[in-house]
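Remarks on the structure that follows.
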Amino acid sequence: MVSIPNWSRVYAGKVHDVYAPIHALAHSGIEVLMLVATDRVSVLDRVLPIAVPGKGAVVNAISKWWFEQLADVANNHYFSDDVPPPLKERAVVVRRLRMYPIECTVIGYMTRPVYASYEASGEFQGAPLPAGLRVGDRLPEPIFCPAIKAEVDSDDEPISFEHMGQILGSQVAERLREISIELYRAANEIVAPKGLTIADAKLEFGSSSDYGDDEFVFADQAFTPDSATYWISEEAEKGNPRTFGKDYVREAIGDEVLAWVSGTSSQLNVPEQVLEEAGSRYRHVESVIFGR
C-alpha cells in the first residue's frame, strides 16, 4: 500500500485504489476521492498475482481523455488531475458518488465469447441474431447486458434487464441503458477515423451521495483496454481481430487462469514475454487514440 500525505486509502478495487482526502475542505467542500490506477490485472473477476509495468499510467490517461471527449454525452465524475506529484501519471481526483450496483455492458460486435453462444443457439442473452455472422461482424443493434457488481475476487452476476428494473426501478434502469448505448455509439464514432473499433464496453454509473437524487454520472473507467474490447478495424473486417489489454492476457494464459481460479493449481506462472506483450498492446491502443 502506498502512503500518500493528506490522503487515506479507503478501498482497494480490482485495478484501482481509492483514497479520500484527510482534510475535506481542501477541495472547497466538494466531496471528492482520488482514483489511482495500478498495474494490477483482473481476469475472470479475479485479481491475478501479476502486474503489467506501466499499465496504470496508460489506463489513467485513456480514461481521463474519454471523460473529456464524452462530457457532452453524459456527466462524469472527473474533477481534476491535481494529485500528489508521485501519482501524476496514474491518478485523478473524482467526485464522490453513490454508485449504482449494476455493471452496464454494451456489445456491438461479434466477439469470440458472443460467437460461442451464437454458434450454439443462434442468439445471445436471449436476443436472436441473423444467420451467417462471424467474429468481427457488427451486430444489427447493440445488446445491453447488465450484471450485479460483485466484490473483489467474486463473480459478477449477469441479470436480465427486467431484473435490473426490479433492483433500481424501471425508469432508472431504462435511463442507464439509454446512456450506456449513447456513450458506446459516441465512442465508436470518435475512434472509427483512427482505425479502431470498440467491440464491447463495460460502463459504471453513480449518482449524488444524497439519496433520492436521480442524477446519472459516468464513473470508474472510461473505455480503457481494461473495460472495453478494442480491435483494429481492418483486422475485424477480415474476421480475425487481435485482442488488447486484459483480453490479451486472458487469451494468452486462459487455461492457467482457469486452473488457478478453480483451485486445481496453486500457482499462476505467467511468462515474462506475455507481460511484455500485454504492456505493448496497452501502449498501442494509447498511441492510436492519441495519434502518436
Do [X] and [Y] sit in one hydrophobic cluster, given that two such residues count as connected whenever their side-chain heavy atoms are within less than 4.5 Å of each other, even indirectly?
| X | Y | value |
| --- | --- | --- |
| Ile181 | Leu139 | no |
| Val285 | Val274 | yes |
| Ile143 | Phe161 | no |
| Val135 | Tyr248 | no |
| Phe205 | Phe144 | yes |

Quick check: closest heavy atoms across [X] and [Y], and the distance to 0.1 Å?
| X | Y | answer |
| --- | --- | --- |
| Tyr230 | Ile198 | CE2-CG1, 3.8 Å |
| Leu133 | Arg138 | CD2-O, 4.4 Å |
| Val94 | Tyr78 | CG1-CA, 4.3 Å |
| Gly136 | Tyr109 | O-CD2, 3.7 Å |
| Ala173 | Gly165 | CB-CA, 3.8 Å |
| Gly13 | Arg40 | O-NH2, 3.0 Å |

Carboxylate-amine/guanidinium proximity below 4.0 Å for [X] and [Y]:
| X | Y | value |
| --- | --- | --- |
| Arg175 | Glu182 | yes |
| Lys55 | Asp39 | no |
| Glu204 | Lys149 | yes |
| Glu235 | Arg242 | yes |
| Asp247 | Arg281 | no |
| Asp81 | Lys64 | yes |

Could you check whether any side-chain N or O of [X] sits under 3.5 Å from a backbone N or O of [Y], counting only pairs where one atom can act as donor and the other as acceptor?
| X | Y | result |
| --- | --- | --- |
| Tyr184 | Gly108 | yes |
| Arg9 | Asp17 | no |
| Ser63 | Ala222 | yes |
| Ser117 | Val114 | no |
| Lys202 | Ala228 | no |
| Thr229 | Ala199 | no |
| Thr38 | Val15 | yes |
| Asn76 | Ala219 | no |
| Ser207 | Glu215 | yes |
| Asn60 | Ala37 | no |

Does a side-chain heavy-atom distance below 4.5 Å link [X] with [Y]?
| X | Y | answer |
| --- | --- | --- |
| Leu33 | Leu97 | no |
| Ile190 | Trp65 | yes |
| Val41 | Val47 | no |
| Val58 | Arg283 | yes |
| Pro146 | Thr105 | no |

Side chain to side chain donor-acceptor pair (under 3.5 Å) partners for Asp220, two or more places apart:
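In terms of side chain to side chain donor-acceptor pair (under 3.5 Å), with neighbours along the sequence ignored, Asp220 is linked to no residue.
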
Ile253/Leu48 under side-chain contact (heavy atoms from CB on, under 4.5 Å): CA gap, chis, key distance, verdict
CA-CA 11 Å; Ile253 58 171; Leu48 306 185; 4.3 Å; yes

Can you tell me if Glu89 has over 12 outside heavy atoms packed within less than 6.0 Å of its CD?
no

Step through the shown structure and confirm whether more than 12 heavy atoms of other residues, nucleotides or ligands are within 6.0 Å of NZ on Lys88.
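Counting neighbours around NZ of Lys88, more than 12 heavy atoms of other residues, nucleotides or ligands fall under 6.0 Å, so yes.
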
Interatomic spacing from [atom1] in [X] to [atom2] in [Y] - rounded to 0.5 Å:
| X | Y | atom1 | atom2 | value |
| --- | --- | --- | --- | --- |
| Leu70 | Leu203 | CG | CG | 9.5 Å |
| Phe124 | Glu119 | CZ | CD | 14.0 Å |
| Leu275 | Ile50 | CG | CD1 | 5.0 Å |
| Ser180 | Arg185 | OG | CZ | 12.0 Å |
| Ile107 | Gln125 | CD1 | CD | 6.5 Å |
| Leu258 | Ser265 | CG | OG | 11.5 Å |

Worked verdict on Leu87 versus Ile4 for side-chain contact (heavy atoms from CB on, under 4.5 Å)
CA-CA 9 Å; Leu87 300 175; Ile4 305 172; 3.1 Å; yes

Under the criterion side-chain contact (heavy atoms from CB on, under 4.5 Å), I'd like the reasoning laid out for Val83 against Val93: C-alpha separation, chi angles, the key distance, then a yes or no.
CA-CA 7 Å; Val83 299; Val93 177; 3.9 Å; yes

Would you check, one step at a time, whether the test salt bridge (charged side-chain N to carboxylate O under 4.0 Å, His left out) holds for Glu174 with Arg177?
CA-CA 5 Å; Glu174 184 61 45; Arg177 178 168 65 178; 2.7 Å; yes

[Y] and [X] side chains, donor-acceptor separation under 3.5 Å:
| X | Y | answer |
| --- | --- | --- |
| Thr197 | Ser233 | yes |
| Asp226 | Tyr282 | yes |
| Ser280 | Glu277 | no |

The criterion is ring pair (Phe, Tyr, Trp, His ring centres under 6.0 Å); which residues satisfy it with [X], sequence neighbours excluded?
| X | result |
| --- | --- |
| Tyr115 | Tyr118 |
| Phe244 | His284 |
| Trp231 | none |
| Phe223 | Trp66 |

Can you list the steps and then say if His16 with Tyr11 is a ring-ring contact (aromatic ring centres under 6.0 Å, His included)?
CA-CA 9 Å; His16 282 92; Tyr11 180 71; over 10 Å; no

Evaluate Val32 against Tyr19 for side-chain contact (heavy atoms from CB on, under 4.5 Å), listing each step before the verdict.
CA-CA 9 Å; Val32 297; Tyr19 290 77; over 6 Å; no

Which residues share a salt bridge (Lys or Arg N to Asp or Glu O under 4.0 Å) with Glu251, sequence neighbours left out:
Arg112

Parallel, tilted or perpendicular: rings of Phe67 and Phe218 (30°, 60°):
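Aromatic pair Phe218/Phe67 classed perpendicular.
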
